[in-house]
Protein chains: 2
Amino acid sequence: MALEHAILVSLAERSASGYDLARRFDASIGHFWKASHQQIYKVLGRMESDKLVESHLVAQDGRPDKKVYAITTEGRSELTSWLVTPTPVEALRSEFAVKLRALHLSDRDAVLADVRRRREQHAAQLESYESSAAHYYPHPDRLDDDELGPWLVLRGGIIAEQAGLAWCDEILKELS
Amino acid sequence: MALEHAILVSLAERSASGYDLARRFDASIGHFWKASHQQIYKVLGRMESDKLVESHLVAQDGRPDKKVYAITTEGRSELTSWLVTPTPVEALRSEFAVKLRALHLSDRDAVLADVRRRREQHAAQLESYESSAAHYYPHPDRLDDDELGPWLVLRGGIIAEQAGLAWCDEILKELS
DNA sequence: AGGAGCATGTAACTAGTTACATGATTGT
DNA sequence: ACAATCATGTAACTAGTTACATGCTCCT
């Protein structure tokens, strides 16, 4: 399961509670790996019994206690060996492509509206990635060692959104 | 569940057995929606009890009998209403992006080898899409009504593979 | 008084994967 | 003799989603 590994990556950077992880997944990593808090709590529980992570309770004032998880030595070695295994190409699953393929059975205006919606979503996501890039990496030609990975991931997001946008534009050209 | 709808699209074009569907999913639709034969049989069973499809046995000589499924009127109306509902943007899940993000914890050569592998896979897939396009749609400016959808889907595949390739090249440039 | 944010979870369900199981025919 | 193709499935498991559940504090 890759969520486990995504959590290990995140905890390797900094220890965190389930709640913290859920927020991190909403922000940075979450663009490439979504996870709900329910799923995170469940997986953290299993990871703890597998000794990949360990937790200790931290009392806070004015806020509920939190259970802070840290990666263990075992977790780190699991992470290291996962990092160097070849990654299987992920199967892309596109409901939209299935609908588009059935265009001749469908309603042209409905498809058109759907494509326009998608186009706007791609445009918005692209803009958000680009402003992240400008904000966090103003000098992409001079990146620290630990910035290169995140930067390249962000570039991947930008490239993917541009491609999504280009596809929508091509569809719109054909349909309207 | 979108597999149900992908099956309905496929059966709306032509009736088929579970086995036939599995092969179709391996070929055209499968580039955008993978499904194993086990899963297809299971879903077909449910769809039959839901009256979206109906089957009859066809005896063949020299080959095992097959159960040919056809879309029902109810299936067709389900399909029609699904086709016009707005499509939620699919969350992209990239194990590769998670690994790349952890580049500073990883082995540079292993990542490099992985990226090269992915690059070749994208290149191979792109070539396969492009030869499909050249073969099935030699005149993309004069497409029949029922060809436009599949053509646009193929274009989406081409655009996505080009983007994947471009990303790999950018990573390779940074890493080597 | 009400909503947002902090914090943790359980339960039930749906979707998808992997392993197992069978058996005939056709081609090398 | 052996592998590939045709043909259909079951069983066990893993991953992920949706709905439900609780309770405190801070801000408006």
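Below, chain A is the first sequence line, B the second, and so on; all start at residue 1.
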Could you state the NE2-C1' distance from His5(A) to dA15(D), rounded to the nearest angstrom?
14 Å

Is the shortest distance from a Lys or Arg side-chain nitrogen in Lys51(A) or Glu78(A) to a carboxylate oxygen in the other one below 4.0 Å?
no

By nearest-nucleotide position on DNA chain D, the 5'-leaning member of Ala35(A) and Arg63(A) is Ala35(A)

Output the rounded distance in Å from OH (Tyr19(B)) to C1' (dC6(D)).
5 Å

Tyr41(B) OH - dT18(C) P separation (whole Å):
19 Å

Figure out the CD/P separation between Gln39(A) and dT8(C), and round it to whole Å.
16 Å

If you check every side-chain atom of Lys42(B), which of dT17(C), dC6(C), dT17(D) has the closest atom?
dT17(C)

Pro64(B) or Leu3(B): which one's nearest nucleotide on DNA chain C is closer to the 5' end?
Leu3(B)

Between atom CG in Leu57(B) and atom C1' in dA7(D), what is the gap in whole Å?
11 Å

Output the rounded distance in Å from CZ (Arg46(A)) to P (dT10(C)).
14 Å

What's the separation between atom CG in Leu148(B) and atom CG in Leu100(A), rounded to the nearest 0.5 Å?
7.5 Å

From CD of Gln38(B) over to P of dT14(C), roughly how many Å is that when rounded to an integer?
21 Å

Tell me whether the side-chain N/O atoms of Arg93(A) come closer than 4.0 Å to OP1 or OP2 in dG16(C).
yes

For atom CD of Glu90(A), is the number of surrounding heavy atoms from other residues, nucleotides or ligands below 6.0 Å larger than 12?
yes

What pair of heavy atoms forms the shortest contact from Val111(B) to Ser106(B), and how long is it?
CG2-OG, 3.6 Å

CD on Glu170(B) to CG on Leu175(B), rounded to 0.5 Å:
11.0 Å

For His31(A) together with Tyr129(A), are the ring centres under 6.0 Å from each other?
yes

Return the angle between end axes of the helix from dA1(C)-dT28(D) to dT28(C)-dA1(D), with five pairs used per end and rounding to 10°.
30°

Nearest-angstrom distance from the residue atom CG of Asp65(A) to P of dG9(C)
11 Å

Parallel under 30°, tilted from 30 to 60°, perpendicular over 60°: which one fits the rings of Trp167(B) and Phe96(B)?
perpendicular

Going from OG1 on Thr72(B) to CD on Glu54(B), what distance comes out if it is rounded to the nearest 0.5 angstrom?
6.5 Å

Heavy-atom closest pair, residues Trp33(B) and Ser94(A)
CE3-N, 3.7 Å

Base, sugar-phosphate, or nothing: which does Gln60(A) touch, judged by heavy atoms less than 4.0 Å apart?
sugar-phosphate

So what does Lys67(A) hit on the nucleic acid, given a heavy-atom distance under 4.0 Å: a base, only sugar-phosphate, or nothing?
sugar-phosphate

Residues touching DNA chain D, which here means a heavy atom under 4.0 Å, drawn from residues 9-18 of chain A:
none

